[in-house]
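Data first, discussion second: the structure below is written as structure tokens.
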Amino acid sequence: MGFLSNTLVVLLLVGGVWLARLVARDRYWRENATQLWRRRPLALITLALFLLIGVLDSVGWVGGGASGEDDVAALRSRTLIDRLFQPERFTEASYSAPLARLSFYGGQPLKHPGKHLLGTDILGRDVVYRACKGVRVALLIGGFTSLIVIPIALLFGVFAGYFGKRIDDAVFFLMTVLASVPSLLLLIALVMVMGRGTLQVCIALGITGWVHFCRIARGETLKLREAEFVDAARALGVSDLTIIRRHVLPNIAHLIIITFALSFTGLVLAETILSYLGIGLDGSWGQMIDQARNELSRTPIIWWNLAGASVALFVLILAVNMIADALRDIIDPRTRREGR
Amino acid sequence: MGAYLIRRVGYGLITVLGVLFLLFVLFFAVTDPDDIARKAVGERARPEVYALWKKNHGYDRPLLLNRAYAAGDSRRYTDTLLFDHYRRMLTFDFGNSDADDSLIARRLKEGMGPSLSLTVPLFAFGLVLGVLLALFVAFFRETYIDRAVLVLCMLTMSIAGLLYIISGQYLIGMLLKWFPISGFAFEPYLAGRFLALPVLVGVVSGIGADVRLYRTIFVEESNRDYVRTARAKGCGEVRVMLAHVLRNALIPILSNIVITIPFLFTGALLLESFFGIPGLGSLTVEAIQGNDFSTLRTMVYLGALLFIAGQILTDISYALADPRVRLT
Amino acid sequence: MTWAFVRVAIITGSLALALAGCSNNPYPASDRAQKILYSSFSEAPKTLDPAVAYTTASHIITGNVYDTLLEYHFLKRPYELMPGLAERVPEAEPHADGRVSYLFKIRDGILFHPDPCFQLSQGEGRSRKVTAADFAFELARLADPAVNSPLAGSFGQVLGFVEFAETLAALRQTDPAFADLPAHEQYRRAGGIAGVVARTELELEIVLKEAKPQILYFFAMPFTTPVPWEAVAYYNGQPGREHFADHPVGTGPYRLTTYEKQYRMQLERHAAWYGSGVALADAPGAVFPREIAREDILNQQIDPDYAGRRLPFLDRINFVREREDIPRFNKFLQGYYDEGHIIKESFDAIVQNDALSPQMSARGMRLDKTVEPSIFYIGFNMADPVVGAAAGERGRKLRQAMSLAIDSKAYLELFLNGRGVLAQSPLPPGIFGYDAEYKNPFRQPDLARAQKLLAEAGYKNGLDAHTGAPLKLAFDTPNTTAQALLQYQFYVSAWRQLGLDVEINATTYNQFQAKVRRGAYQLFTWGWIADFPDPENFFFLLECGNAQAKSGGPNTANFCNGEFDRLYHAMKSLPNDERRHGLIKRMLALTEQERPWIELFHNEEYALSHAWVINSKPMGLSYPTYKYMDVKPELRARLQVDWNVPVRWPLYVALLLIVAVSLPAVRTFYRERQ
């Protein structure tokens, strides 16, 4: 897990830097960014908050903290979120309602009365803490997987669209075969075969999501190939690779971004189904929901576990959906709604 | 038209062959048949029992090349797992389940009825309700109704399907006691009550996305020139919507529907599992939880077949419906 | 105008339908007055072949469809064997050379269920009498390696049992024609089992190589039921015929009439059970016990009017598949299942102060608590170099420390509402050798002492004293459900307090089995429910010969202690006397110190039944008791209606809201038309 989380941080930083450069240099992107900010400020702030939590939860080290030599907790790698919440101390015996002073069963005084904003779960762990830990897993599923898959899909798609003929036939066939299998079933089959684990699930999600990007890349490249400036560049004798780098890639970037935003939510929701089937990732919101779903039937009802995970999931997906929608309106003129 | 059909079906067949190869790699090359045998037979059986089981289930031959035969003998290539896999899948000879040795074909037949009795009403109600709502909203576009519904759609789209099922069961089955929480009956007059709740939950969870999409299509359509002409001629808005917009918007809607058909098959996975409906989705979930690879393989294959068939049908219906589409 | 009218009509029509048909009763109205028991099952049975069926799911069918030579007395505790199909419980007859034999006299006139398979022997007839040969056939099937019975190992002491299996395997290998013969022919030609002799048509003799008093318990399990060779030969899975595993043919009080195992199973009364002759009418297996203890009547488990009456009372037993706990329990609360097991989500509403809550008592429900003869434990892989025997003193202290850190009481409170008896040793209450006063010093949670022991083991604060590196341990499990993971997290948090870093490796079943086969596991958790009420059925899980690493046996902890094995072999065939007690005490002292297991708890079942269910005393040992039970259908129908009144007001409110919201829209629409 450590390796993956560090890679995530690095990739996010790299991605962030690239995005910032794009916005700073290119007037077109700067306008897009400003428009996006004007339309969906709340969604962007929410997303930024989630990203912050995700990054904070990825930076961790052993030791430190204000504890003595006998502090067992200091021996394991703890992230900034762990250090903020101090889960070893912040745990109760079992359930407690949000902001309660007494335990839910038995009415015993809590160790930290009134401090648990969303109460505690069956093992006494703070729900807000667990929801925060789930942010990184969700970003891992949606973001990390896409970040790995996009370059590969671009490679295949662009080459297929640009060079055409045999390569195109081969890639198109591969895409059709993968797309023909219902993605959930393919996902399940892949995880069953590879076994349960974070890397396996990410690879499986990557394989099932690859087709989406590849198809967009290929379609756009096909169109661009006929464009005049590409013809001109070829006439001037510019090498194929340079044409791809300078003319094709920047023109499909906007579609890639939109597709990324749209597929992000699909991936996170797919993982909740995997968690229900028992083959999801540990610590995810899907797992929290699965663990908490029977609690609704308790009398008296225990709702805060489910609520914490569901609300976090809902807010993130809503934010991404809204941003994706707005992006699509701004960037892709063809889908702009008429009749305004 | 005929040439187009042949080409389309031909390409579909090749895709099927490709899908089968993918399945072969997944289920034979990557998984260990010994593991499957042990899971099915039990841990402490004698080696010959495992060997017999593998033989009966077709796991005992080599993968690609059977070197037990001489180089010129064609059986070198045909007495292998690969060839057997292709032959059986293409002839729909699915064999026995790895978990309990029942005939998969029989389980499929038994499961099809309950599955269809869930997904067909789900599909139909979802479509009708989605189209009606979208028409309604498109009629009132740019008014407060339109905006409110769009916001509602966005919100409902962002809720996980799992949560719809959990809260639906709780609210309607337990609190309001309108319908049974779960279960099924094969007798048609009893089945209605069991299906009401899963259909309701399924329709509500999918309607957000549908309404948004259809609304966009309807609005786009209603801004076209011929519609403006109709309005200028004095047709009432309702007539315009129904007679002109709806009819022509059906084409893009149709293409979207086909994409969702295989998702009905897999989306019903959760619904069937939670509501105790003994259909194909339930069968798949059990295959997952029981490590039953042969059943899982069959389900994936059938899902792919449905999808490919659906795509061919869409392309053909598109070509038939829209004379502008060139048939190449 | 027509458009609006159509809309209104549709809405009204569907609402009317909804309101009228609103009811959550899942059963057809025609069944309401019949003597049917409604129950549920969560997993489809894998097989109904009595030689193979080992799960509770299959047992609810096989236990009712098949009869056995001996049975457990329904009411007496501790469990007592009584004659079933046999005329009496046989005494052990020792021979000079150490062999022991048992002679069963089978009742005359017991008929199999009518079935087309008997065409093979009776021509037009549909049934026949049970003979000793039918028992011999089933025992031969138990030995048959192709049948792969899980209990084959337990019959090893029967004379010629193992040799018969070898002979069969050898004959099949060498002669392909032999392998194609039907099973009963193969057994005949292989000579049968030497120690299973059908002396006469109704006399069966079992000869053992050495004394094994527990063998009698096996004759109360469906594994030794009489199986007609016709059924196995006829139901061979050929086109048009089912497998024998899906089509049981027995002699029991019920017949399996509906078997849609993914969804529903039904048993119906067998009219000719125990025949109609007077001679059989008084067989102890066919009548309700005549003597009923006072406490059974006082706590309303048994109705004394039923004493001595002919069984069974129910006409039909209906099982519906319920995969999820909560819908199943809710249906029980609604009255649609007649019996239920309590789930932790509803515990506080049902049980208060150790008894039924007032609301539930008011409904007439009964609560029966039974401690099952079971043990749930965390096991160490004793073959592992770090936590096992190879680590010597260090390993032992590590295991003892880890054992001291686990608080079973807290675990029971959290996950099982306290339902269970804290385990101090592998033996549960009710088994000979169990001592209620015994307190295992390593099962009284003591964090300070645990830390001290850990330091003595050289792992102070979880750091290896020699290398300075933290000790990493692995907890392996094939159970990936949410609830299980929470439970494992509980253990991990307990060990974290010692500084130990235990990682939960929840994998798919295949991955887990691969690990077990390789011996690549350190910690695991397991549960075991007794097959029969004898301490040997628990200690065999710790005997070296059964070690997973050696023979793939059930001793997954790979516990190999010479002294323990010696004591085990000495005590396993003794009667329950002082000498046996002494040996058991010494064995328990060994497990106490060596800690191959951290004993967690013995499960306690809280069985609930409704007021209209009669004679529902739970039996334990997964022994179905439906033949003793009865129901009052009118009471049930009445209470079901009382408890399930649909709540209609939200529907009306929702309608009102829809109308209110769309009214301005409709008004705008009409205005535009003008």
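On a predicted model such as this, the values are computed, not experimentally measured, just so you know. Sequence lines set the chain letters: A, B, ... in the order given, protein chains first and strands last, and positions in each chain run from 1.
- Contacts between A:L316 and chain B at a heavy-atom distance below 4.5 Å are absent for every atom of the residue.
- Interatomic distance, CZ of A:F156 versus CZ of A:F172, reported as 15.5 Å (0.5 Å rounding).
- Looking only at heavy-atom pairs under 4.5 Å with chain A, the residue among B:L162, B:I288, B:I159 that has the most is B:I288.
- Note: B:S273 OG to A:I273 CD1 = 11.0 Å, rounded to the nearest 0.5 Å.
- Salt-bridge annotation for A:D325 and A:R40: absent, with no side-chain N of the basic residue lying under 4.0 Å from a carboxylate O of the acidic one.
- The distance between the ring centers of B:Y86 and B:F24 does not fall below 6.0 angstrom.
- Looking at B:L163, the atoms closer than 4.5 Å to chain A (heavy atoms on both sides) all sit in the side chain, from C-beta outward.
- The stretch residues 289-331 of chain A participates, sequence neighbours left out, in these ring-ring contact (aromatic ring centres under 6.0 Å, His included) pairs: A:F104-A:W304.
- Proximity to chain A is limited to the side chain of B:L22, based on heavy atoms less than 4.5 angstrom apart.
- With sequence neighbours excluded, the residues satisfying salt bridge (charged side-chain N to carboxylate O under 4.0 Å, His left out) with A:R293 are A:D290, C:E324.
- Using a 4.5 Å cut-off between heavy atoms, A:L318 contacts chain B through both its backbone and its side chain.
- For B:I308, the part lying near chain A is the side chain, with the backbone staying farther off; criterion is any non-hydrogen pair under 4.5 Å.
- Going from atom CG of A:N305 over to atom CD of A:Q291 covers 8.0 Å, rounded to the nearest 0.5 Å.
- Side-chain contact annotation: A:S275 with A:E271, donor-acceptor N/O pair under 3.5 Å present.
- Of the listed residues (A:V320, A:V315, A:I188, A:L269), the one with the most heavy-atom contacts under 4.5 Å to chain B is A:I188.
- Proximity to chain A (any heavy atom under 4.5 Å) is shown, for B:I14, by both the backbone and the side chain.
- Of the two parts of A:T176, the backbone and the side chain both hold a non-hydrogen atom closer than 4.5 Å to a non-hydrogen atom of chain B.
- Contacts between B:Y301 and chain A at a heavy-atom distance below 4.5 Å are absent for every atom of the residue.
- With a 4.5 angstrom heavy-atom cutoff, B:L23 does not touch chain A via any of its atoms.
- The CG atom of B:L108 sits 6.0 Å away from the CG atom of B:L302 when rounded to the nearest 0.5 Å.
- For a residue to count as touching a neighbouring chain, one of its non-hydrogen atoms must lie under 4.5 Å from one of that chain's; by this rule B:F21 does not touch chain A.
- At a 4.5 Å heavy-atom cutoff, A:M194 makes no contact with chain B through either its backbone or its side chain.
- The contact between A:I301 and chain B is made entirely by side chain atoms (from C-beta outward), counting heavy-atom distances below 4.5 Å.
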